[in-house]
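The block underneath contains the structure these notes are about, expressed in structure tokens.
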Amino acid sequence: MGHVNLPASKRTSSINYNPRQWRLLDLISAAFFGLVFLFFVLVYTPLGDSMAASGRQTLLMSGSDPQQRLRLLAAIETGQPRVMEACPADAVDHMPCEDPRLNSQLSREMNYYRERHCPPLESTPLCLVPPPSGYKVSVQWPESLHKIWHSNMPHNKIADRKGHQGWMKLEGPHFIFPGGGTMFPDGAEQYIEKLGQYIPMNGGVLRTALDMGCGVASFGGFLLSQNILTMSFAPRDSHKSQIQFALERGIPAFVAMLGTRRLPFPAFGFDLVHCSRCLIPFTAYNATYFLEVDRLLRPGGYLVVSGPPVQWPKQDKEWSDLQSVARALCYELIAVDGNTVIWKKPAGDSCLPNQNEFGLELCDESDDPNSAWYFKLKKCVSRISSVKGEYAVGTIPKWPERLTAQPPRSTLLKNVADVYDADTRRWLRRVAHYKNSLNIKLGTPAVRNVMDMNAFFGGFAAALKSDPVWVMNVVPSRKPSTLDVIFDRGLIGVYHDWCEPFSTYPRSYDLIHVTSIESLIKDPASGKSRCNLIDLMVEIDRMLRPEGTVIVRDTPEVIDKVARVAHAVRWKPTIYDKEPESQGREKILVATKTFWTL
């Protein structure tokens, strides 16, 4: 196709063509078609996305070479007046560890490419993620459950594609959320009412829930009226902003992918696991994904699957396999209602071993089912007997009694009940001090989404029980694994290593709280820093909303360091003494993130 073959009559005409001219025409034609081919590659294939992402990353990195980065770090650490520059305008939704365009180059086996993949901190720029043009202070809770500012995340894709299913729609300056979903277009409230025919949705029996592939999290949002606290998760995928919409609405949510690794939650923490058209292939890879759900589901808890493959056209085999796996694990079938199935998990291990077509077996006794930070999925059933205590649904106290009851499982500390009670009382005093003496807006509509970066037993979150907030309790992966205690209290959270960015969008939280901030970046054994305090505070800034609040508790020396960095990241910090009743040498830094724009 490089040139046109002329007919013989033309070739013998009086016009003589120079062979050199033919070669030049060949080159021009080849170049033209090559450009056309390259255009289609760039526009219509993942390679184009990857190249575009690389270009964007290059732009983001421009002016931030390693030596310049080190000089900036040194200047801030020594107290030289520096103010960090803003990242480029196209970085308003930057998530360092979840970039589908960069990760598209990775393996697609078991959705590995859609999991967390973090760049080395030393290769990332030190800049502050800006808000989008037209950003406004978020609509306050509970109004935000139903509407948010369009300008805060002007992404119309879901509204255009899912509006007819009641997900969301654009009305004037707002996105409106009618409360629907693909499997409940008439609204989450009606759907939850239907589930309540088979599951104890009220009365405090169920408290912690997991919504997999949650969309804009209307299911979790409307469960709050039943006092059920739902962790909603979805990957950063073609819908792009579903978790961002959920967080802007004030609904607990987290970016995650069920792929090759365990989800970063403790074993047997969720009273209810829900999938509404989440499209997770539960029976693939010898039912590995079903086994991960089983690890997360509390004994006596409920599993709800709505949508494919439940009585779905042309998915008879998948539906049959799903039922076979549930039977092999001795799940009790509660109901099949249209395209929704409800199972109840047994309270013990007595079902296995048994003869089953998937070859399912119990994990070795050496397996720790709570290990879940960058931990590969296992093709075995987590032993309930490996975690001691009376924590099954129906045995654990109902909500709200379970918030203050002695934790049913914790073997980390001697006299754990005394430590637990002391921790609870300590945080009640501290939170009262925050509100009454430091004028922090806890308990007001200005604060809805809260994070505790070093949660321990969840005492800070427990002290906020009467406030209109939800708290993401983060247990650092290198600290004692207390996240199971947090879930037993009826609270939610995740494991995380703070030397990496968190799996959330920019501007997710109204208030971020951290005790012993320097311990988050130090190796527990050697005491040496594994990463830089400045990088951690830049990440806190990314997660925090404009005009949001940061509370840091640490020694006076560390607080002085934090204050220096706070000025560099454009916060307004104030340092306070600790509560009169508190022991130790702590100081408290309270900072406000300024509302700046490009």
Side-chain angles (χ1 to χ4, degrees), residues 110-111 162 164-167 179-201 206 209-220 222-223 228 230 232-235 237 239 242 257-258 263 270-298 300-346 351 356-358 360 381 393:
M110 294 183 74
N111 281 307
K162 302 287 187 178
H164 66 287
Q165 296 173 349
W167 283 43
T182 302
M183 295 308 299
F184 42 93
D186 295 327
E189 290 177 298
Q190 182 177 327
Y191 175 71
I192 291 168
E193 185 178 337
K194 183 180 82 167
L195 296 181
Q197 299 174 22
Y198 312 105
I199 300 174
M201 300 295 281
L206 304 181
L210 181 68
D211 190 13
M212 304 183 295
C214 61
V216 294
S218 288
F219 179 72
F222 284 93
L223 275 179
I228 295 177
T230 304
S232 299
F233 83 85
D237 60 4
H239 288 164
Q242 49 191 332
M257 179 71 207
L258 183 50
L263 293 170
F270 292 101
D271 309 334
L272 169 68
V273 175
H274 175 259
C275 154
S276 174
R277 201 177 174 84
C278 65
L279 303 182
I280 294 173
F282 290 109
T283 59
Y285 310 104
N286 270 24
T288 297
Y289 294 139
F290 198 112
L291 298 182
E292 173 63 358
V293 170
D294 180 75
R295 182 185 74 86
L296 298 173
L297 186 58
R298 190 178 296 273
Y302 295 87
L303 171 61
V304 178
V305 180
S306 290
V310 181
Q311 298 195 132
W312 204 263
K314 300 181 181 180
Q315 294 204 25
D316 293 345
K317 184 181 185 306
E318 291 84 353
W319 172 222
S320 176
D321 287 346
L322 184 60
Q323 295 175 87
S324 296
V325 174
R327 282 195 299 269
L329 295 176
C330 294
Y331 277 45
E332 177 188 356
L333 178 63
I334 301 298
V336 179
D337 187 337
N339 299 119
T340 299
V341 61
I342 302 170
W343 282 292
K344 184 175 183 180
K345 179 177 175 175
C351 182
N356 63 81
E357 59 187 281
F358 291 91
L360 303 181
V381 182
V393 171

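When a residue number appears, it is its place in the shown sequence, counting from 1.
Within a 6.0 Å sphere centred on CD of E193, other residues, nucleotides and ligands contribute 12 heavy atoms or fewer.
In this structure, N339 and Q311 approach most closely via the heavy-atom pair ND2-O, 3.1 Å. A pairwise comparison of heavy atoms in L258 and Y289 identifies CG-CD2, 3.6 Å as the closest pair. Shortest non-hydrogen contact noted between V310 and T340 is CG1-N, 3.8 Å. The shortest non-hydrogen separation linking A217 to S232 is CB-OG, 3.7 Å. Nearest heavy atoms, S324 versus E357: OG-OE2, 3.4 Å. M212 approaches C275 most closely through the heavy-atom pair CE-CB, 3.8 Å.
Rounding to the nearest 0.5 Å gives a distance of 8.5 Å between CD of Q197 and CD1 of I342. The structure places CE of M257 at 9.5 Å from CE of M110, a figure rounded to the nearest 0.5 Å. One finds the CG atom of L210 at 9.5 Å from the CG atom of L297 (value rounded to the nearest 0.5 Å). If you take CG on D337 and CG on L195, they are separated by 8.5 Å, rounding to the nearest 0.5 Å. From D211, atom CG reaches atom CG of L272 across 8.5 Å, with rounding to the nearest 0.5 Å. Atom CG of L223 is separated from atom OG1 of T230 by 4.0 Å, given to the nearest 0.5 angstrom.
Using modelled atom types, no side-chain atom of D271 and backbone atom of G301 make a donor-acceptor pair closer than 3.5 Å. Within the 3.5 Å criterion, the main-chain N or O of R298 finds no donor-acceptor partner in the side chain of K345. For the pair Q323 (side chain) and W319 (backbone), a donor-acceptor distance under 3.5 Å is present.
Between F184 and I192 the shortest side-chain heavy-atom distance does not fall below 4.5 Å. Side-chain contact between Y302 and Y198: absent, with no pair of heavy atoms (C-beta onward) separated by less than 4.5 Å. I199 places none of its side-chain heavy atoms less than 4.5 Å from the side chain of K344. Within the 4.5 Å cutoff, no side-chain heavy atoms of F282 are placed close to those of L303.
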request  = Please assess V304 against F219 for the test side chain to side chain contact (heavy atoms under 4.5 Å, CB included), listing each intermediate value before the final yes or no.
outcome  = CA-CA 12 Å; V304 178; F219 179 72; over 6 Å; no

request  = Given side chain to side chain contact (heavy atoms under 4.5 Å, CB included), test L322 with W343 step by step and report yes or no.
outcome  = CA-CA 11 Å; L322 184 60; W343 282 292; 3.7 Å; yes

task = Test E318 against T283 for side chain to side chain contact (heavy atoms under 4.5 Å, CB included), laying out the working first.
result = CA-CA 8 Å; E318 291 84 353; T283 59; 5.6 Å; no

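When ring centroids are compared, F290 and Y331 come within the 6.0 Å threshold.
Judged by distance alone, the side chains of Y191 and S276 never bring a donor and an acceptor atom under 3.5 Å apart.
Cys pair C278/C214: SG-SG separation is not below 2.5 Å.
P308 pairs by the side-chain contact (heavy atoms from CB on, under 4.5 Å) definition with R277, L279, W312, Q315, not counting sequence neighbours.
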